[in-house]
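Below is one structure, written out as structure tokens; comments come after it.
Below, read A as the first sequence line, B as the second, and so on, with proteins coming before strands; counting in each chain starts at 1. Note: hydrogens, waters and symmetry copies are ignored here, and every other heavy atom, side chains too, is used.
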2 protein chains.
Amino acid sequence: MPYEEILERFKAQLKIMNLKVTRERLMILEEVMKRKDHFDADQFAADLSVSGVKVSRATVYRTLDILHDMKIVHKTTLGHKHQHYENMVDRAHHDHLVCLKCDKVVEFLEPRIEELQEKVCVDHGFEIKDHSLQLFGICGDCKEADAEANN
Amino acid sequence: MPYEEILERFKAQLKIMNLKVTRERLMILEEVMKRKDHFDADQFAADLSVSGVKVSRATVYRTLDILHDMKIVHKTTLGHKHQHYENMVDRAHHDHLVCLKCDKVVEFLEPRIEELQEKVCVDHGFEIKDHSLQLFGICGDCKEADAEANN
DNA sequence: GTTGCTGCAAACCCTTTGCATAGGA
DNA sequence: TCCTATGCAAAGGGTTTGCAGCAAC
């Protein structure tokens, strides 16, 4: 989806929600759209600042929340004490593999897991709304590094 | 496993780890063994206090950590900002369904999901160590309540 | 002009930690 | 006696919030 389109969608949504189109919100949207990785609010605020964009941390949190409500960003817990955000424009749902040694994050999608989750919910009379799945382990690179260290 | 046995195991493990057998640690083990639910440290400390057992929150956290190292309790994140603990004595691994309305927690085990997780890891060259899976939705009771409210 | 937004700093919440004292081994 | 454990209160780290001034509409 071209940036122009997201921008228009963002503005339109803000209008619908009775929110104002401000310089800060546009700057944050722009920065989010540049990101393809999993980022945390603090790092994001720092990067904005380095780019010469002055926006307070409070506004970053507030705006990321709006973007989350609009499903433009997704929030995940990857085993740290802070939340991670990711740009979801043109991206399908996925879960995460997290390396316990180097913190590398790899995305995956296993449709059969998704189906089984649905089934579990139905079996328990739940209407599923969301889920959170993270697999923690040691990535290939770290395993290799370990093996070498033991030689 | 009878309580006596866990108690002995706890004392033995403490000895191995060069930790002391204290009144506080025994009181906390006893309270943990009474629990079959998912509890948080704060509630746990409050309940201890109501039972007339005086133990500081700091000691509760410290001791729950020891019990976690010993695999006597398991730590989970259930979508809240605090950790939940559960007594794992005589209990197998399981994942959780969480109701977004009433916070009810239901446990489930779907071996096929576990297998597929293994497969995903192998496919990505990861050595799996742990995983975290929560399904969020609306439980049967809340769905009924909603339906009635709409009549 | 009205209403919502921002930045700041303080508050929050859960959890951890430093330190003096108490208490197992 | 020696050394760890405890309790307290303060610190920590991420996130939220109250408020006065400011910017959209």
*asked:* If you assign each of B:H82 and B:K20 to its closest nucleotide in DNA chain C, which residue comes earlier from the 5' end?
replied: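 Taking each residue's closest nucleotide, the earlier one in sequence belongs to B:H82.
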_Residue mapping more 5' on DNA chain C - nearest nucleotide basis, B:K75 or A:K54_ =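 Looking at the nearest nucleotide for each, A:K54 comes out on the 5' side.
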*NZ (A:K71) with more than 12 external heavy atoms under 6.0 Å*: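 No, because the 6.0 Å sphere around NZ of A:K71 holds 12 heavy atoms or fewer from other groups.
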Figure out the [atom1]/[atom2] separation between [X] and [N], and round it to whole Å.
X     : N      : atom1 : atom2 : value
A:K11 : D:dA24 : NZ    : C1'   : 13 Å
B:D65 : D:dA5  : CG    : P     : 13 Å
B:I28 : D:dA5  : CD1   : P     : 13 Å
B:H80 : D:dG14 : NE2   : C1'   : 18 Å
B:K81 : D:dT16 : NZ    : P     : 6 Å
B:R23 : D:dA5  : CZ    : P     : 16 Å
B:D42 : C:dT15 : CG    : P     : 8 Å
A:Q43 : D:dG14 : CD    : P     : 11 Å

Closest approach to the side chain of [X], judged atom by atom: which nucleotide of [options] is it?
X     : options               : answer
A:Q83 : D:dT15, C:dC8, C:dT15 : D:dT15
B:E24 : D:dT6, D:dA5, C:dG7   : D:dT6
A:T59 : C:dT6, D:dC8, D:dT15  : C:dT6
B:V55 : D:dG7, C:dT6, C:dC13  : D:dG7
A:R57 : C:dT6, D:dT15, D:dT17 : D:dT15

Does [X] have a side-chain nitrogen or oxygen under 4.0 Å from the phosphate oxygens OP1 or OP2 of [N]?
X     : N      : value
A:Y61 : D:dT15 : yes
B:R62 : C:dT16 : no
B:T22 : D:dT6  : yes
B:R25 : D:dT6  : yes

*asked:* Between B:H96 and B:H38 (judged by ring centroids, cut-off 6.0 Å), do the two rings come close enough to count as a pair?
replied: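 Between B:H38 and B:H96, which both carry aromatic rings, the centre distance is below 6.0 Å.
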_We want to know whether B:H74 and B:H94 form a side-chain donor-acceptor pair, criterion being a heavy-atom distance below 3.5 angstrom._
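Not at all, the side chains of B:H74 and B:H94 share no donor-acceptor pair under 3.5 Å.
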_Salt-bridge contact A:K119-A:E115 (side-chain N to carboxylate O under 4.0 Å)_ =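 Salt bridge absent between A:K119 and A:E115.
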*Is A:R9 salt-bridged to A:E5, going by a charged N under 4.0 Å from an acidic O?*
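No, A:R9 and A:E5 are not salt-bridged.
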